[in-house]
Amino acid sequence: MEEKDSKIEIQDPTSEERKKDHIQLAFQSQTQVHDIDHRFYYEPLLSGHPGDDAIPSTLLLDHTFKIPVWVSSMTGGTALARTINFNLARACKQFGMGMGLGSCRSLLYSNDALPDFDVRHLIDDQPLYANLGIAQVAELVAEGAYQKMKELVDKLSADGLIIHVNPLQEWLQPEGDRYTESPLEVIKKVLDHLDMPIIVKEVGQGMGPASMKALLELPIQAIDFAAHGGTNFSKLELLRSDEARAEALGPLVRVGHSASEMVQMVNQCVDELGSKRQCNEIIVSGGIKNYLDGYYCLDSLSLPAVYGQASAFLKHAREGYEPLEKYIEGQISGLKMAYAFLKARKPLQP
Ligand SMILES: Cc1cc2nc3c(=O)[nH]c(=O)nc-3n(C[C@H](O)[C@H](O)[C@H](O)COP(=O)(O)O)c2cc1C
């Protein structure tokens with residue numbers, strides 16, 4: 001008997017410690033039925049533990065993503081932004097992701113801030129997109145200065161241009177820009193004059209079904225949701241505003257659309273548009289807190305897609321490369337389990 005016990009100990013040396021932990025921690029480990037994540041069916045019978053190839057690669061933006069993850073556009077123009085951009089670009093190469101740069105407006109007329117944005121040497125051949133706001137794009141279009149956009153993309157060795165459409169943010173921003181032509185008309189003119197991939201996004205409010213349908217009918221490379229539910233630039237601008245203005249315009253912060261609602265919209269538009277649809281790719285973003293939020297949307301969407309995060313990456317990228325690497329490794333570990341054992345329930349949960 002003694003000999004048998006010592007054999008078990010050799011095969012499973014942490015057994016005694018583990019059993020003690022189990023008894024001590026059992027009462028702290030109670031769960032509640034109302035905490036169940038009802039977005040998924042969990043199917044433990046149908047797969048073994050995921051291996052290295054558990055996450056399928058995704059073909060999007062004419063590139064291969066090793067994991068279906070996009071680093072959403074963030075800022076440039078400060079020393080800290082340079083470090084952040086460098087860390088993010090390095091991570092994109094290491095993990096096979098893609099990246100949108102923050103607004104590159106300052107590079108339209110000067111190269112002073114170029115070193116903050118110049119990350120092609122770090123990201124290698126993973127997808128990289130420049131970024132401009134619709135107000136600047138409308139100005140360039142009005143001047144017939146289409147070539148300026150092409151020059152911007154070329155100086156960054158980027159694959160194309162993201163146009164962010166942010167009427168609420170501009171209206172709420174104390175020093176915000178105004179434009180009078182609809183973004184749709186401006187974007188159509190850009191497409192008529194420039195032969196380069198264009199992505200269109202919001203900045204944290206999302207967009208409704210008519211805007212979504214109009215975009216899906218254009219020959220753009222992708223739509224990036226930038227949905228409501230995460231970082232919200234309307235709210236951010238009100239925090240920079242005076243009290244009376246913040247009180248008057250505050251209710252506008254709460255309008256918008258979540259990423260999962262936008263997934264439903266896209267699926268419906270795809271059915272309705274049939275062969276009239278020209279845009280085939282989606283970046284699901286805005287309020288994607290973790291890999292489960294991302295996986296849920298990707299598994300529910302009827303178009304090829306990756307999911308994007310801004311603030312979640314920012315939090316770790318500003319601390320240094322190692323914390324960022326650790327964060328992404330954790331997300332990949334969870335994502336592998338999602339691919340192996342979870343299936344999105346239909347209809348979509350809000
Ligand atoms: C610090 C910061 C700067 C941002 N700057 C830009 C920008 O220049 N251009 C843009 O299109 N979006 C910008 N965004 C918006 C993000 O790309 C994204 O759409 C939004 O933050 C929602 O994603 P999240 O909920 O994952 O943070 C910025 C976001 C953050 C957090």
Side-chain angles (χ1 to χ4, degrees), residues 68-85 87-88 92 97-108 113 116-117 119 128-137 149 152 156 158 160-170 172-173 176-177 183 187 198-207 215 220 222-237 239-240 253 256-262 282-294 296-297 305-319 324 327-328 331:
V69 182
W70 178 254
V71 176
S72 294
S73 295
M74 281 181 277
T75 194
T78 63
L80 179 61
R82 185 182 308 183
T83 308
I84 291 168
N85 280 340
N87 286 340
L88 291 169
C92 284
M97 313 184 293
M99 173 173 173
L101 291 165
S103 174
C104 309
R105 179 183 188 173
S106 60
L107 301 182
L108 281 173
D116 299 342
F117 293 94
V119 296
L128 175 72
Y129 276 67
N131 181 307
L132 282 177
I134 189 71
Q136 283 72 57
V137 174
M149 291 181 248
L152 173 72
L156 290 160
L161 177 69
I162 297 171
I163 301 177
H164 66 262
V165 176
N166 57 341
L168 271 179
Q169 182 194 0
E170 297 288 11
L172 271 53
Q173 187 176 99
D177 290 316
I187 292 165
I198 301 286
I199 297 176
V200 178
K201 77 187 280 286
E202 226 282 336
V203 296
Q205 216 84 34
M207 57 185 90
L215 284 180
I220 54 175
I223 301 169
D224 179 351
F225 289 174
H228 201 290
T231 311
N232 183 287
F233 270 76
S234 304
K235 186 166 180 174
L236 190 149
E237 296 303 350
L239 295 174
R240 300 178 59 237
V253 169
H257 303 274
S258 70
S260 56
E261 187 193 359
M262 291 178 76
I282 300 290
I283 300 171
V284 173
S285 74
I288 304 293
K289 307 280 189 230
N290 56 46
Y291 56 89
L292 277 188
D293 292 349
Y296 177 64
C297 289
V306 293
Y307 71 83
Q309 293 183 299
S311 48
F313 279 122
L314 177 64
K315 189 170 156 204
H316 300 93
R318 65 182 183 170
E319 287 165 14
L324 177 64
Y327 166 71
I328 299 170
Q331 296 297 298

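Note that ligands are numbered from 1 as they come in the structure, with each ligand's atoms numbered from 1 the same way. Please read these numbers as outputs of a predicted model, since none were measured by experiment. Index from 1, following the sequence.
- Those atoms of ligand 1 that come under 4.0 Å of a heavy atom in S72, given as number and element, are 17 (O).
- Distance from atom 20 (C) of ligand 1 to its nearest protein heavy atom, with residue and atom name: V203 O, 3.9 Å.
- Among all non-hydrogen protein atoms, the one lying nearest atom 1 (C) of ligand 1 is L314 CD2, 3.9 Å.
- Nearest protein heavy-atom neighbour of atom 12 (N) of ligand 1: K201 NZ, 2.9 Å.
- The protein heavy atom nearest to atom 29 (C) of ligand 1 is F233 CE1, 3.3 Å.
- Inclusion of A310 in the set of residues having an N or O under 3.5 Å from an N or O of ligand 1 is warranted.
- At least one heavy atom of G286 sits less than 4.0 Å from an atom of ligand 1.
- Close contacts of ligand 1 with G287, meaning ligand atoms under 4.0 Å from a residue heavy atom, involve 24 (P), 25 (O).
- Counting only distance, with no hydrogens or angles, the side chain of Q205 and the backbone of G256 share no donor-acceptor pair below 3.5 Å.
- Remark: ligand 1 atoms within the under-4.0 Å shell around heavy atoms of N131 are 9 (N), 10 (C), 11 (O).
- With sequence neighbours left out, S285 forms a side chain to side chain donor-acceptor pair (under 3.5 Å) with D224.
- The nearest heavy-atom contact from the protein to atom 17 (O) of ligand 1 is S73 O, 2.7 Å.
- Considering backbone and side-chain atoms together, Q309 places no N or O closer than 3.5 Å to any N or O of ligand 1.
- Checked by atom type and distance alone, the side chain of E170 pairs as donor or acceptor with a backbone atom of D177 at under 3.5 Å.
- Residue I187 comes nearest to V165 through the heavy atom pair CD1-CG2, 4.3 Å, listed as atom of the first residue, atom of the second, then distance.
- Side-chain atoms of K201 and H164, non-hydrogen and from C-beta on, do get closer than 4.5 Å to each other.
- In this structure, I288 falls outside the shell of residues with a heavy atom less than 4.0 angstrom from ligand 1.
- Considering both main-chain and side-chain atoms, S311 comes within under 3.5 Å of ligand 1 through a nitrogen or oxygen pair.
- Listed by number with element, the atoms of ligand 1 under 4.0 angstrom from any heavy atom of G230 are 25 (O).
- In this structure, the side chains of H316 and I328 stay at 4.5 Å or more apart for every pair of heavy atoms.
- F313 does not count as a contact of ligand 1, since none of its heavy atoms falls under 4.0 Å from the ligand.
- Residue-level proximity to ligand 1 for T231 is carried by backbone and side chain together, each with a heavy atom below 4.0 angstrom.
- At least one donor-acceptor pair under 3.5 Å links the side chain of N232 to the backbone N or O of K235.
- The aromatic rings of W70 and Y129 stand perpendicular to each other, their planes meeting at an angle above 60°, with 30° marking the opposite boundary.
- At a threshold of 4.5 Å between non-hydrogen side-chain atoms, the residues Q173 and N166 do not count as touching.
- A donor-acceptor distance shorter than 3.5 angstrom exists from the side chain of N290 to the backbone of D293, with no hydrogens or angles considered.
- Remark: the backbone N or O of A317 is paired with a side-chain donor or acceptor of N87 at under 3.5 angstrom.
- Short contacts between ligand 1 and S103, defined as distances under 4.0 Å to a heavy atom of the residue, involve ligand atoms 7 (C), 8 (O), 9 (N).
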